[in-house]
Every structure is written in structure tokens, then in C-alpha cells.
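Heads up: the structure comes next, in C-alpha cells.
Computed from a predicted structure; not experimentally measured. Quick note: numbers below take in every heavy atom, side chains included, and nothing from hydrogens, waters or symmetry partners. Read the numbers this way: they start at 1 and go in the same order the structure lists the ligands and their atoms.
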Amino acid sequence: MPSVRVPATSANLGPGFDALGLALGLHDELDAEVLPGTLEVHVTGEGAEDVPRDSRHLVVRALAAAFSAAGAELPGLRLTCRNRIPHGRGLGSSAAAVVAGVLLGRELLAELGHGPLDDAAALELTTALEGHPDNVAPCLLGGFTIAWTDERARAVRLDPHPAVRAVAYVPEQPVSTEHARSLLPAVVPHADAAYNAGRAALLVEALTRSPHLLLAATEDRLHQAYREPAMPASAALVAALRSSGAAAVVSGAGPTVLALHVDGDPEPGDAAGFRRMPLDLVAAGAQVG
Ligand SMILES: Nc1ncnc2c1ncn2[C@@H]1O[C@H](COP(=O)(O)OP(=O)(O)O)[C@@H](O)[C@H]1O
Ligand SMILES: N[C@@H](CCOP(=O)(O)O)C(=O)O
């Protein structure tokens with residue numbers, strides 16, 4: 001019975017919209033077994049009260065996409081999900097679900113004697129399901145990833161500097177990524193694009209070699225301000241943490257706030273209305289058992 005452990009991720013990291021991402025030490029665990037003629041979906045933990053238990057379940061949809069990519073029919077299944085990544089908060093729960101589904105699908109396809117789905121195909125398929133590559137890349141590869149798309153999805157993985165620490169501030173109410181993306185303009189000023197290009201390049205240096213540059217490197221003009229109306233408390237927390245010296249950003253499409261700091265500097269403290277979660281940066285991506 002294949003199982004998979006998939007990490008939460010934080011995308012964008014300020015200036016790296018749809019490109020940069022970090023794998024975090026908070027994992028969903030899932031297993032699947034072939035059960036001819038039925039579909040059973042068992043869910044505990046985050047989202048258990050909300051997600052469908054049939055073919056609309058996101059992991060089942062990703063499993064079906066993996067089978068379809070291999071030209072095979074999805075067999076009857078029992079899927080068990082133990083969820084720890086909060087849904088609709090900007091910590092990559094949907095990316096973790098599609099990565100889990102595609103990797104479980106890959107294992108089941110191999111068990112059933114179908115051809116291999118290689119790593120490039122898994123990145124491509126998960127990106128297509130998620131709509132952008134910046135969460136699925138660190139979920140698959142771990143560490144700190146730079147993702148891009150040309151004729152297909154691509155990513156490189158880097159090791160974050162060992163002194164970088166992360167604290168997530170998770171609010172009670174979700175904001176869907178779909179809604180947060182709908183707030184973005186189709187066109188941005190050239191000066192803002194240039195500003196973000198410089199900061200995103202600097203962030204690669206800051207996260208891997210020069211963490212003292214993190215505050216300057218996490219400035220953004222392409223998405224956070226446009227999303228502020230949907231998450232005013234998160235925007236206020238980003239501003240307060242940044243003025244105290246922490247490199248705070250909206251995590252993914254929000255509304256979680258991610259504060260990066262350097263080991264040895266004062267840790268960012270509690271914030272009213274948010275669940276404070278110190279999270280490790282993890283080297284490993286999804287692990288199949
Ligand atoms: N583990 C999961 N199992 C089933 N569906 C999931 C899972 N994780 C996320 N989803 C679906 O994706 C939605 C959240 O996706 P999204 O708005 O992109 O937020 P996030 O930032 O958490 O990825 C959930 O409301 C749910 O429909
Ligand atoms: N680049 C995307 C990232 C969405 O991340 P999520 O964790 O909120 O799904 C965006 O900003 O829309």
C-alpha cells in the first residue's frame with residue numbers, strides 16, 4: 001500500500017510571485033490502496049469537515065490525472081488522508097494534495113504494471129493541476145526552489161542558509177487562492193516589475209548565503225498590496241513585523257504571514273488573532289513509502 005508524506009510550502013516569499021518557494025516542516029500523510037469497484041476517502045485533521053469524500057476530492061482528482069496521463073483507468077481505491085496543513089491559508093495545502101495524488105498515482109501505476117511517470121512529468125502534471133509551479137516545486141523537491149515555465153514547468157532546488165528560521169502566523173479565517181488571484185491586475189507599472197526583479201534576485205542571495213539581507217530582499221510591489229483588502233489584518237501584521245526588523249511577507253496568496261529571521265536574533269513574538277507556528281525549513285520534499 002503506497003504512502004506519501006508531503007510538506008507545507010510558502011510561495012512568493014515577497015518578490016518572487018509564482019516563482020520562489022520554501023518547503024516547511026508541517027506535513028500531510030496519505031496512503032492509498034486498490035479496492036476494486038469502490039471509492040472510499042477517509043480524512044482526519046485539517047479540512048476534514050469540508051472536503052468532499054468522492055471523485056471531487058482534490059487528491060482523487062490528482063490520482064485520476066496521473067492515471068489519465070499514463071493512459072490507464074483509475075481503479076477503485078481506499079484513500080486515507082491525515083492532514084496537518086491548514087486549508088486556504090497560503091501554506092500550500094492544495095499543492096500538497098495534488099503532489100500527494102500524483103505521487104500515489106505513480107506508485108499505484110507501477111504496482112499495476114504501467115510505465116513510469118518520471119520526475120519532470122510529475123512536476124509538469126502537478127503544475128498543470130495547481131495552476132502555478134511555485135508551491136508544487138518545493139513540495140516535490142524540498143528546500144528553496146526557483147520555478148519557471150517555458151514549454152513546460154521547470155524548477156531548480158537550492159539549500160536555504162542554515163541560520164534562517166521561519167515563523168508562520170495563521171489566522172482563523174481562510175482566503176481562497178482563487179479569490180486572492182482575482183484581486184491582481186492584468187498589467188503592472190514597469191517600475192514595479194523592475195523593483196521586484198531586483199528584490200527577487202537579491203532574495204536568492206539572502207536566503208542561501210547572506211541572511212542579513214532578508215529584510216531588503218523580501219520587499220514586494222506585485223501582489224501583496226493588491227490583496228490587502230481581502231486580508232487587512234495580515235497586511236497590518238506584515239508591516240508591524242517588518243518595522244521590528246523581521247522579514248515578514250504574505251505566505252503564498254495569504255492570509256498567513258511568514259516571518260523569516262536569523263538564528264540568534266530576537267524571535268518574532270505572538271500576534272493577536274493569529275496562531276503562531278515556528279516551522280523548520282525542510283531539506284526533503286515529498287517522501288513516498
Ligand atoms: N488535503 C486536501 N484534500 C482535499 N482537498 C484539499 C486539500 N488541501 C486543499 N484542498 C482543497 O484546496 C482548497 C484550498 O486551496 P487554496 O485556496 O489554493 O489554499 P492553500 O493556500 O491552502 O493551497 C481547499 O478548500 C480544498 O478545496
Ligand atoms: N503564487 C501563488 C501562490 C499561492 O500559494 P497558496 O499557498 O496560497 O496556494 C499566488 O500568490 O497566487
Side-chain angles (χ1 to χ4, degrees), residues 4-24 26-32 39 41-64 79-104 126-127 129-139 145-149 153 155 168 170-171 173-185 196 200 220 222-228 230-231 234 249-258 279 286:
V4 66
R5 188 166 180 267
V6 282
T9 51
S10 183
N12 302 326
L13 306 173
F17 181 76
D18 275 2
L20 302 183
L22 270 178
L24 300 171
L26 180 68
H27 295 82
D28 287 348
E29 292 169 348
L30 304 91
D31 47 65
L39 175 62
V41 181
H42 302 277
V43 184
T44 53
E46 296 287 340
E49 279 159 28
D50 305 314
V51 294
R53 301 295 203 274
D54 55 22
S55 59
R56 294 168 300 158
H57 189 276
L58 188 53
V59 178
V60 178
R61 282 167 41 207
L63 271 154
L79 173 70
T80 306
C81 309
R82 291 172 292 279
N83 294 342
R84 295 200 192 88
I85 307 170
H87 291 188
R89 304 303 204 294
L91 287 170
S93 76
S94 56
V98 301
V99 166
V102 167
L103 295 187
L104 287 172
T126 54
T127 298
L129 289 163
E130 176 72 350
H132 44 89
D134 48 338
N135 293 101
V136 296
C139 188
T145 53
I146 307 169
W148 72 102
T149 44
V170 184
Q173 289 305 317
V175 174
S176 77
T177 302
E178 189 182 4
H179 176 60
R181 288 181 87 83
S182 76
L183 300 174
L184 302 179
N196 266 52
D220 159 67
L222 292 188
H223 72 105
Q224 294 181 162
Y226 298 109
R227 289 169 159 170
E228 183 171 346
M231 50 195 85
S234 303
V249 295
V250 170
S251 180
T256 289
V257 171
L258 189 79
L279 294 174

Report the nearest protein non-hydrogen atom to [atom]: residue, atom name, distance rounded to 0.1 Å.
{"atom": "atom 21 (O) of ligand 1", "value": "Gly90 N, 3.0 Å"}
{"atom": "atom 6 (C) of ligand 1", "value": "His87 CE1, 3.7 Å"}
{"atom": "atom 22 (O) of ligand 1", "value": "Ser93 OG, 2.6 Å"}
{"atom": "atom 9 (O) of ligand 2", "value": "Thr177 OG1, 3.1 Å"}
{"atom": "atom 8 (O) of ligand 2", "value": "Ala253 N, 2.9 Å"}
{"atom": "atom 17 (O) of ligand 1", "value": "Thr177 N, 2.9 Å"}
{"atom": "atom 27 (O) of ligand 1", "value": "Val51 CG1, 4.9 Å"}
{"atom": "atom 11 (C) of ligand 1", "value": "Leu58 CD2, 3.8 Å"}

Can you check whether Ser94 has an N/O within less than 3.5 Å of an N/O in ligand 1?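 Between Ser94 and ligand 1, an N or O pair is found under 3.5 Å apart.
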
Taking distance alone, with no angle check, do Gly88 and ligand 1 share an N/O pair under 3.5 Å?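 Yes, Gly88 has an N/O under 3.5 Å of an N/O on ligand 1.
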
Verify atom 2 (C) of ligand 1: protein non-hydrogen atom under 4.0 angstrom away: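 When distances to the protein are checked, atom 2 (C) of ligand 1 has a heavy atom within 4.0 Å.
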
For the student: nearest non-hydrogen atoms of [X] and [Y], plus distance:
{"X": "Ala286", "Y": "Leu103", "result": "CB-CD1, 3.5 Å"}
{"X": "Ala23", "Y": "Thr9", "result": "CA-CG2, 4.2 Å"}
{"X": "Ser55", "Y": "Val60", "result": "CA-CG1, 3.9 Å"}
{"X": "Pro86", "Y": "Ser93", "result": "O-CB, 3.5 Å"}

Considering only heavy atoms from C-beta outward, does the side chain of [X] approach that of [Y] to under 4.5 Å?
{"X": "Pro133", "Y": "Thr145", "value": "no"}
{"X": "Leu39", "Y": "His57", "value": "no"}
{"X": "Leu258", "Y": "Leu13", "value": "yes"}
{"X": "Arg84", "Y": "Glu29", "value": "yes"}
{"X": "Arg181", "Y": "Arg227", "value": "yes"}

Side chain or backbone of Asn83 under 4.0 Å from ligand 1, or both, or neither, by non-hydrogen atoms?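 Answer for Asn83: side chain.
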
Would you mind telling me if ligand 1 is within reach of the side chain of Glu46, the backbone, both or neither, using heavy atoms under 4.0 Å?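 Neither; no heavy atom under 4.0 Å.
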
For [X], state whether at least one heavy atom is located under 4.0 Å from any atom of ligand 2.
{"X": "Arg227", "result": "yes"}
{"X": "Gly92", "result": "yes"}
{"X": "His223", "result": "no"}

Atoms of ligand 1 less than 4.0 Å from [X] heavy atoms?
{"X": "Gly92", "result": "21 (O), 23 (O)"}
{"X": "Ser176", "result": "17 (O)"}
{"X": "Arg89", "result": "21 (O), 22 (O)"}

Between the side chains of Thr256 and Ser251, is a donor N or O closer than 3.5 angstrom to an acceptor N or O?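 Short answer, no.
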
Have a look at Val98 and tell me which of Val136, Val6, Val59 forms a side-chain contact (heavy atoms from CB on, under 4.5 Å) with it.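 Among the candidates, only Val136 passes.
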
Touching ligand 1 at all, Pro86? Heavy atoms, strictly under 4.0 Å?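 Distance cut 4.0 Å: Pro86 passes for ligand 1.
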
Check: [X] side chain, [Y] main-chain N or O, donor-acceptor pair, under 3.5 Å:
{"X": "Asn83", "Y": "Ile85", "value": "no"}
{"X": "His223", "Y": "Gly14", "value": "yes"}
{"X": "Asn12", "Y": "Gly252", "value": "yes"}

Under 3.5 Å between some N or O of ligand 2 and some N or O of Ala11?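 No; every N/O pair is 3.5 Å or more apart.
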
Considering the heavy atoms of [X], write down every atom of ligand 2 situated less than 4.0 Å from one of them.
{"X": "Asp134", "answer": "1 (N), 2 (C), 3 (C)"}
{"X": "Arg181", "answer": "1 (N), 2 (C), 10 (C), 12 (O)"}
{"X": "Phe17", "answer": "1 (N), 10 (C), 11 (O), 12 (O)"}

I need the Leu79 CG to Asp31 CG distance, nearest 0.5 Å.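 Leu79 CG to Asp31 CG: 7.5 Å, rounded to 0.5 Å.
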
If you measure from each non-hydrogen atom of [X] to ligand 2, which part falls under 4.0 Å: side chain, backbone, both or neither?
{"X": "Asn135", "answer": "side chain"}
{"X": "Arg89", "answer": "neither"}
{"X": "Asp18", "answer": "both"}

Only one of His87, Glu130, Glu178 passes side-chain hydrogen bond (donor to acceptor under 3.5 Å, both in side chains) with Ser94; say which it is.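 The passing option is Glu130.
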
